[in-house]
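These notes are about the structure you will find just below.
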Amino acid sequence: MELMKAEVGASGKDQREEIVGGHEAQPHSHPYMALVVSLRDAIFRICGGFLVEEDIVLTAAHCWGRRMNVFLGIHDTKLQEKTWQKIRLKKAIRHPKYNNTTDINDIMILQLNTKAQLSAAVGLLPLPGESDHVRPGQVCSVAGWGNISDSERTSKLHEVDLVIQEDFQCESRVEYYDRTTELCVGDPQKKMCFSEGDSGGPLVCRNVVQGICTTVVENATSPCVFTKISSFLPWIKKTIKGLQVEESP
């Protein structure tokens, strides 16, 4: 089965998003990566996400839609492997203060209907500690599926290294940037960023997730805006704990 054709092609439109200025990732070198497929505005759309517990995926709130499914263990969306796991959702919880106009608080917790089977191709990504913060100049990475330039498409997972920027770099380019809950990432002098289809994917710094792809600057130019995970740790932990309590006999 070709996932993009089966899940997206039926709409007649290709909504894949892109990693710009990056390169193909080593297959299954990001085992925490999730592909989130949902029906929005009568079109199947693609987002990224990442596995933080066997039955919990984090992604962007604006990725919410109907008929949502999560795919794990994927490298090439056109080449189905034994590593693939397709899991339906039990519950999708957007942050209660998410604003779809400004993309502030753009974070969502997905509870899977069944637990993922962990393997070399499917693994967990650690959340940051309370005092684990990123600083300008630090190099982090982001990964996603889709176009690798304005004219060239790919079905394989791509990755790019991005540098954390000072907040003013985004405040001058993004109307609603919030330095309390967002991170500014990517050298303004380079076209290295993510585009819409990579929304929800993780910003990984020293093997810990620090951000979620959220706002794209026009034409995928840097810097990009990420939801700052550390600002939402209390909500994430409280929500996941509540879901676990619901599951208890």
Side-chain angles (χ1 to χ4, degrees), residues 17 19 30 32-36 38 40 45-53 56-65 68 70 92-111 125-136 138 140-144 159-160 162-171 173-186 193-217 220 222-240:
E17 299 163 3
I19 287 287
H30 303 281
Y32 47 79
M33 286 297 298
L35 189 65
V36 181
S38 64
R40 287 175 279 153
R45 299 179 187 267
I46 302 298
C47 272
F50 49 100
L51 195 67
V52 295
E53 302 218 4
I56 298 291
V57 166
L58 293 187
T59 186
H62 76 260
C63 292
W64 183 89
M68 296 180 73
V70 168
I93 304 172
R94 286 176 286 187
H95 192 276
K97 293 185 178 180
Y98 166 61
N99 186 316
N100 63 4
T101 300
T102 64
D103 274 340
I104 299 297
N105 305 312
D106 192 10
I107 182 172
M108 178 167 57
I109 294 173
L110 305 179
Q111 182 185 29
L125 181 59
L127 293 170
E130 299 289 347
S131 60
D132 188 6
H133 301 292
V134 292
R135 292 175 174 78
Q138 186 172 341
C140 303
S141 68
V142 63
E159 62 185 356
V160 65
L162 299 174
V163 180
I164 305 295
Q165 302 296 307
E166 297 281 0
D167 289 307
F168 76 84
Q169 294 283 5
C170 282
E171 288 171 333
R173 291 172 170 83
V174 181
E175 184 176 1
Y176 299 107
Y177 183 78
D178 179 4
R179 60 170 58 200
T180 302
T181 61
E182 295 180 316
L183 291 170
C184 187
V185 185
C193 196
F194 63 90
S195 189
E196 291 183 25
D198 294 315
S199 294
L203 177 73
V204 180
C205 310
R206 297 174 184 167
N207 300 314
V208 171
V209 61
Q210 292 286 359
I212 298 175
C213 301
T214 175
T215 303
V216 181
V217 180
S222 303
C224 330
V225 178
F226 290 76
T227 298
K228 186 188 294 185
I229 292 281
S230 60
S231 298
F232 297 92
L233 283 176
W235 176 74
I236 293 170
K237 292 178 179 179
K238 180 180 178 181
T239 303
I240 292 177

Side chain to side chain, [X] and [Y], heavy atoms closer than 4.5 Å:
| X | Y | result |
| --- | --- | --- |
| Glu182 | Ile104 | yes |
| Val163 | Gln165 | yes |
| Leu125 | Leu51 | no |
| Ile107 | Ile236 | yes |
| Ser141 | Glu159 | no |
| Tyr32 | Val204 | yes |
| Asp106 | Tyr98 | yes |
| Gln111 | Ile93 | no |

Member of Ile164, Thr227, Val208 meeting the side-chain contact (heavy atoms from CB on, under 4.5 Å) criterion with Leu203: Ile164

Verdict with supporting geometry, Thr59 and Val70, side chain to side chain contact (heavy atoms under 4.5 Å, CB included): CA-CA 11 Å; Thr59 186; Val70 168; over 6 Å; no

Spatial distance of atom [atom1] ([X]) from atom [atom2] ([Y]) [nearest 0.5 Å]:
| X | Y | atom1 | atom2 | answer |
| --- | --- | --- | --- | --- |
| Phe168 | Arg173 | CZ | CZ | 8.5 Å |
| Arg206 | Asp132 | CZ | CG | 8.0 Å |
| Thr102 | Glu175 | OG1 | CD | 9.5 Å |
| Ile56 | Ile240 | CD1 | CD1 | 5.0 Å |
| Arg40 | Cys63 | CZ | SG | 5.5 Å |
| Lys97 | Thr181 | NZ | OG1 | 11.0 Å |

Indicate the atoms forming the closest heavy-atom contact of [X] with [Y], along with that distance.
| X | Y | answer |
| --- | --- | --- |
| Met33 | Ala143 | CE-O, 3.5 Å |
| Ser199 | His62 | OG-NE2, 3.0 Å |
| His133 | Glu130 | NE2-O, 3.5 Å |
| Val209 | Pro128 | O-CD, 3.0 Å |
| Asn105 | Ala61 | O-CB, 4.4 Å |

Does the side chain to side chain contact (heavy atoms under 4.5 Å, CB included) test come out yes or no for Ile212 and Ile229, once each step is laid out? CA-CA 7 Å; Ile212 298 175; Ile229 292 281; 3.6 Å; yes

Is it true that a side-chain atom of Ser231 and a backbone atom of Thr180 form a donor plus acceptor pair closer than 3.5 Å? yes

SG-SG under 2.5 Å, Cys140 vs Cys205: yes

Sequence-distant partners of Glu171, salt bridge (Lys or Arg N to Asp or Glu O under 4.0 Å), two or more places apart: Arg179

Please report the C-alpha distance between Met108 and Cys47 in whole Å, then the side-chain angles of each, then the deciding distance to 0.1 Å, and finally whether the side chain to side chain contact (heavy atoms under 4.5 Å, CB included) criterion is met. CA-CA 12 Å; Met108 178 167 57; Cys47 272; over 6 Å; no

Does a donor on one side chain sit under 3.5 Å from an acceptor on the other, for Tyr176 and Asp103? no

Would you please test Cys184 and Cys170 for disulfide (SG to SG under 2.5 Å) and show each step? CA-CA 6 Å; Cys184 187; Cys170 282; 2.1 Å; yes

